[in-house]
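Quick note on labels: first sequence line is chain A, next is B, and so on, each numbered from 1.
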Amino acid sequence: MSIGYACLTVGVRNAEFKNCILKNATPKRLYELIGHNLIILDRIIDYNIANNIRLFRISSDLIPFGSSPVNQLPWHKDFSEQFHRIGTKIKSSGMRVSMHPGQYTVLNSPDEGVVRRAVEDLEYHERVLSSLDLDGTHKIVLHIGGVYNDKKASSARFIFHYEQLSERVKKRLVIENDDRSYNIADLLAISRAVNAPVIFDNLHHWINPADHETPEMDWIDECALTWKPEDGRQKIHYSQQEPSKKPGSHSETVRIREFMEFSHDLNGRCLDIMLEVKDKNLSALKCINCTSREPSIRVLEAEWSKYKYVVLERSPQDYQTIRELLKDKSGYPAVQFYELLEEVLLYPEMKGNAINAAQHVWAYFKDVASDKERAGFFGRIEKYQQSEISLKLLKNYLHQLAVKYQRDYLLDSYYFAF
DNA sequence: TGACGTCAAGATCCG
DNA sequence: CGGATCTTGACGTCA
């Protein structure tokens, strides 16, 4: 079983994709962006490997305007070496990747222009995965589309257009239930017609269930039957509702208790879980560490080293509590550890605690910083104390210093990400 | 016609 | 002038 995250990382250095707007999409600019984004993808794959993350969704923005006529670059040829290198890493590490065109790729539209662009978009996604030289277990996830007041006709139109797709796209395409139109029963029916595997999305299902009787796990088992050997392991999407936001909003982080209950209910079912959550890789690490078959306290210590100033900033009491928790080197209190973190992260900002943490961080520079920098730091502390600047501003200053003096320990921590 | 969702680019503001 | 913050863009459907 692999657990992974979508598209981008939180708290990882030099791992940001770039994009541009249509009017700036010249061949020169596109060339630069693609080159940059491939370097970033390479770095994220390295990060995933180093952190034991074996499931990842590649952003559709990897190639800006990848399926638009404004991008005519033969990028898959011009960058074939980079693609090959990245693809080799993915394969040799046993990582599984996917792509997911957004809500605007609509294969069942009554507008044939929309359908044509949807097909082009699917071909674009396919070309990325093929450029990486990945087999058909690396999937492209698609929703069914609109209803147009007639779900039967619209499903039929999806099926009709699906059948026209190229074989190379079909072998990668998987379909997913959504939160307003097509529920999991609709998906299974369409799957029977087109023979495409079905992704079960738990949050979409919660908002848009097919009925009120069938247990969730029964649907997951139904979906399992749609996955053939050449499709690889069954894959599902897992997310949690953000409290007090509108239905369907992904949570800030995966609440680990809830996830562990779900994981328990899975009862050994062998499937891959793609998390859809704001804190991305951080939740992936959390869930991976809490379901690990080879628990090692070292992994939690590594996590603690990244979270420690985030915790200190909010609660010195909990900072001590977590230190105590991790003292027993024969234990593995992963769930307790992450639950405490979740609790602490909900605390409101307290100036005294934030200043205390900032001073701990300052200690990394105090011997090397110039007088000007010292004055800059303490001046900002004073201004923050007086509510003249935000905590963010104070921390940005420390971040600058961390970059200048190459304090990798700080730069690799999550202190600047929260 | 605007909300929806998502992210970063682009524009504007501020000291 | 540089950096922080606000606004726009890109997509298609539906109310």
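Residue contacts shown for His143(A) are absent, as no nucleic acid heavy atom lies under 4.0 Å away. Nucleic acid contact for Asp111(A): none, since no nucleic acid atom lies under 4.0 Å from a heavy atom of the residue. Heavy atoms of Ser109(A) sit under 4.0 angstrom from primed sugar atoms or phosphate atoms, though from no base atom. The residue Gly102(A) sits apart from the nucleic acid: no heavy atom pair falls under 4.0 Å.
A donor and an acceptor atom, one from each side chain of Ser98(A) and His138(A), are nowhere located under 3.5 Å apart. Glu176(A) and His237(A) share a donor-acceptor pair across their side chains, judged by distance under 3.5 Å alone. At a cut-off of 3.5 Å, with distance as the only test, a side-chain donor of Tyr338(A) or Asn289(A) sits close to an acceptor on the other residue.
Of the two residues contacting DNA chain C, namely Asn149(A) and Val106(A), the nearest-nucleotide position lying further toward the 5' end is that of Val106(A). Taking for each of Lys392(A) and Thr105(A) the nucleotide of DNA chain C with the nearest heavy atom, the 5'-most of the two is the partner of Lys392(A). Nearer the 5' end of DNA chain B, as judged by each residue's closest nucleotide, is the contact made by Cys20(A), out of Lys383(A) and Cys20(A). Mapped onto DNA chain B by nearest heavy atom, Gly248(A) and Arg29(A) fall at different nucleotides, with Gly248(A) at the one closer to the 5' end.
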Anything under 3.5 Å between a donor and an acceptor, one on a side chain of residues 75-84 of chain A, the other on a protein residue two or more places apart or in another chain? List them.
{"unit_1": "Ser80(A)", "atom_1": "OG", "unit_2": "Lys77(A)", "atom_2": "O", "d": "3.2"}

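Look at Lys280(A) and you won't find any side-chain N or O under 4.0 angstrom from OP1 or OP2 of dT6(B).
Every residue two or more places apart in sequence or in another chain that forms a side-chain hydrogen bond (donor to acceptor under 3.5 Å, both in side chains) with Tyr47(A) is listed here: Asn281(A).
Here the P atom of nucleotide dC7(B) and the CZ atom of Phe17(A) are 13 Å apart, to the nearest Å. Look at NZ on Lys23(A): it is 15 Å from C1' on dA8(B), rounded to the nearest Å. Atom P of nucleotide dA8(B) and atom CZ of Phe65(A) are separated by 15 Å, given to the nearest angstrom. Going from atom NZ of Lys18(A) over to atom C1' of dA9(B) covers 11 Å, rounded to whole Å. His100(A) has its NE2 atom 11 Å from the P atom of dT6(B), to the nearest Å. For Glu276(A) and dT6(B), the CD to P distance is 9 Å, given to the nearest whole Å.
With a heavy-atom cut-off of 4.0 Å to chain A, the contacted part of DNA chain C has its first and last nucleotide at dA4(C) to dC14(C).
Ring geometry, Tyr238(A) versus Phe262(A): the interplanar angle falls from 30° to 60°, so the pair is classed tilted.
Residues Tyr397(A) and Trp362(A) place their aromatic rings such that the two centres sit no closer than 6.0 Å.
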